[in-house]
Amino acid sequence: MDGPGEVGRPPVVATNGLGGQGRAPVAAMDGPGGLGRVRRLCHWGPLVALAVVAVCSATAMADAALWYWPLDTAGGSVNFIMLLNWTVMILYNYFSAMFVGPGYVPLGWTPEKSQDCMYLQYCKVCQSYKAPRSHHCRKCNRCVMKMDHHCPWINNCCGYQNHASFTLFLLLAPLGCIHASFIFVMTMYTQLYNRISFGWSSVKIDMSAAKRDPRPIIPFGLSAFAASLFALGLALGTTIAVGMLFIIQMKVILTNKTSIESWIEEKAKDRIQYYQTGETFIFPYDMGSKWKNFKQVFTWSGIPEGDGLDWPVRDGCHQYSLTIEQLKQKADKRVRSVRYRAIEDYSGVCCPVTKGVKTLFTTPCSEEPRIALSKGDLILATRGLNHWMYGEKILDSAADGAIRERGWFPRKCVEKCQYDSETDQPVDGEKKNR
């Protein structure tokens with residue numbers, strides 16, 4: 001799935017309804033549009049995210065009616081309209097990021113010049129070459145244009161088409177939560193102000209339904225206080241967590257370097273240092289100006305620059321500088337991989353309780369799959385942790401079109417093959433933290 005292969009069939013041109021080529025619709029992987037969107041929505045990530053938005057928004061609107069009645073003053077009206085505006089903009093960008101999708105490399109895609117195929121990796125799942133900056137997502141089961149990561153909260157990838165809306169969602173959610181937090185604090189303060197009495201050795205709070213002002217239609221009792229306090233904690237937690245993600249995405253945008261590309265660049269420096277080749281790797285897509293990088297994602301039309309297949313590069317680089325480096329790293333990984341044989345069966349579960357306490361509690365915190373092992377299976381290990389290893393199962397029926405099985409497995413289930421290995425170097429130490 002990652003290695004180069006033979007030239008695929010002629011490219012299948014996909015359109016997005018706007019006449020643009022190279023943007024495969026989300027329905028291509030989800031099935032019919034309406035059913036596909038429902039399936040994408042019915043996932044723990046979107047359900048939790050929408051529940052947080054619903055709780056914070058509904059509680060903030062109820063508290064706003066108690067604290068600053070919107071029909072009496074202009075300030076109350078502006079406060080309530082702003083609250084509604086945050087909710088609408090957050091949901092709009094959230095659903096845009098989820099349903100528009102990142103954009104997919106058309107099935108069967110090949111570069112215009114056949115000689116350029118030697119610079120690209122071939123995806124056996126999509127039966128096409130991987131365009132520059134694209135990567136195959138196991139969750140979406142498609143090659144994603146300018147893939148940054150697969151986000152479980154939108155149950156979709158963040159990539160070329162939805163990077164702007166995803167980043168706007170990460171900006172608007174903390175801003176809306178800050179506004180809501182202010183409303184929660186002011187509501188609890190104003191409602192409890194006349195209900196708190198201080199004694200010599202005690203503090204009493206009257207949380208009865210009686211109110212000093214009978215006008216509000218929403219009583220502020222014990223349940224309302226608990227709901228406001230819970231929503232406040234939820235809003236503050238969301239502000240911190242989502243705000244940190246926004247900072248990360250802004251770094252990605254301003255450097256024009258996705259999270260995956262940052263990892264490729266780090267491995268490039270490690271490869272050059274390890275082999276002392278004297279090469280100098282220059283990341284090709286950083287335009288040298290944060291503003292130019294910013295404009296590639298955010299445009300007045302709302303459509304990102306380019307087509308997701310061809311990208312402008314800086315001086316001294318060309319369109320395939322990054323993909324050539326990826327091919328070098330793939331070849332290096334094959335040379336430095338180590339052959340292991342399974343000595344115990346492993347079912348492929350995430351947290352195996354029968355493989356020891358250390359294996360159970362050090363399971364990799366990653367969405368990468370686990371591979372089931374049977375006694376006698378051969379595996380090529382490429383990296384490892386103290387109690388886990390990552391590699392590819394060697395299949396007896398492996399063919400050019402076969403799908404490779406790769407993933408994590410417990411270290412105690414395998415032993416190194418002394419008689420046959422790709423290299424005598426262990427995966428411990430130098431490759432442990434890769």
Taking it one step at a time, do K295 and E305 satisfy salt bridge (charged side-chain N to carboxylate O under 4.0 Å, His left out)?
CA-CA 8 Å; K295 289 193 299 181; E305 289 188 359; 5.9 Å; no
Ring-ring centroid check F184 H179, cutoff 6.0 Å:
no
Donor-acceptor pair, R383 side chain versus M389 backbone, under 3.5 Å?
no
If only atom types and distance count, is the side chain of Y346 paired as donor or acceptor with the main-chain N or O of V349 below 3.5 Å?
yes
R411 side chain to L385 main-chain N or O, any donor-acceptor pair under 3.5 Å?
yes
Determine yes or no for a side-chain-to-main-chain donor-acceptor pair under 3.5 angstrom, with Q191 supplying the side chain and M188 the backbone.
no
State whether the number of non-hydrogen atoms from other residues, nucleotides or ligands found under 6.0 Å of Y119 atom OH is greater than 12.
no
Between N256 and E261: side-chain donor-acceptor atoms closer than 3.5 Å:
no
Apply the test side chain to side chain contact (heavy atoms under 4.5 Å, CB included) to residues Y129 and C123: give CA-CA distance (whole Å), side-chain angles for both, the deciding distance (0.1 Å), then the verdict.
CA-CA 6 Å; Y129 284 92; C123 179; over 6 Å; no
Determine whether a donor-acceptor pair (N or O, by modelled atom type, separation under 3.5 Å) exists between the side chain of D307 and the backbone of D310.
yes
Review item, side-chain donor-acceptor pairs of residues 44-54, under 3.5 Å, at least two apart:
none

With no hydrogens and no angle check, do the side chains of N156 and N162 hold a donor and an acceptor under 3.5 Å apart?
no
When you compare the side chains of S337 and T382, does any donor N or O come within less than 3.5 Å of an acceptor on the partner?
no
If we count only N and O atoms by modelled type, under 3.5 Å, do the side chains of D148 and S259 hold a donor and an acceptor together?
yes
For the residue pair D286 and T255, confirm or rule out a side-chain donor-acceptor distance under 3.5 Å.
no
Please enumerate all residues that pass side-chain hydrogen bond (donor to acceptor under 3.5 Å, both in side chains) together with S301, with sequence neighbours excluded.
T299
When you measure from the side chain of Y68 to the backbone N and O of F80, does any donor-acceptor pair fall under 3.5 Å?
no
OG-CZ distance between S165 and F95, expressed to the nearest 0.5 angstrom
12.5 Å
If only atom types and distance count, is the side chain of D377 paired as donor or acceptor with the main-chain N or O of K393 below 3.5 Å?
no
To the nearest 0.5 Å, atom OG1 of T323 lies from atom CD1 of I264 at 9.5 Å
R133 to Y285 six-membered ring, cation-pi geometry met (6.0 Å, 45°)
yes
Quick check on Y92: does its OH atom have over 12 non-hydrogen neighbours (other residues, nucleotides or ligands) under 6.0 Å away?
no
Flag the pair E279 and R271 as a salt bridge only when some basic side-chain nitrogen lies within less than 4.0 angstrom of an acidic carboxylate oxygen.
yes
Got more than 12 heavy atoms from elsewhere within 6.0 Å of CD, Q273?
no
Carboxylate-amine/guanidinium proximity below 4.0 Å for D332 and K328
no
So for atom CD, which belongs to E112, do other residues, nucleotides or ligands contribute more than 12 heavy atoms lying within a distance under 6.0 Å?
no
Is it true that a side-chain atom of S134 and a backbone atom of A131 form a donor plus acceptor pair closer than 3.5 Å?
yes
CZ on F281 to NZ on K269, rounded to 0.5 Å
9.0 Å
Measure centre to centre between the rings of Y160 and W311, then say whether the value is under 6.0 Å.
yes
Keeping the roles fixed (side chain from W67, backbone from I183), state whether a donor-acceptor pair exists under 3.5 Å.
no
For Y275, is the OH atom crowded, meaning more than 12 foreign heavy atoms sit under 6.0 Å from it?
yes
Look up atom CG in L309 and atom NZ in K146, then write down how far apart they are to the nearest 0.5 Å.
13.5 Å
State whether the side chain of T363 and the backbone N or O of T359 hold a donor-acceptor pair below 3.5 Å, judged by distance alone.
no
Can you list the steps and then say if N85 with M89 is a side chain to side chain contact (heavy atoms under 4.5 Å, CB included)?
CA-CA 6 Å; N85 188 53; M89 291 194 299; 3.3 Å; yes
Just checking, is any N or O donor in the side chain of H136 or Q121 under 3.5 Å from an acceptor N or O on the other one?
no
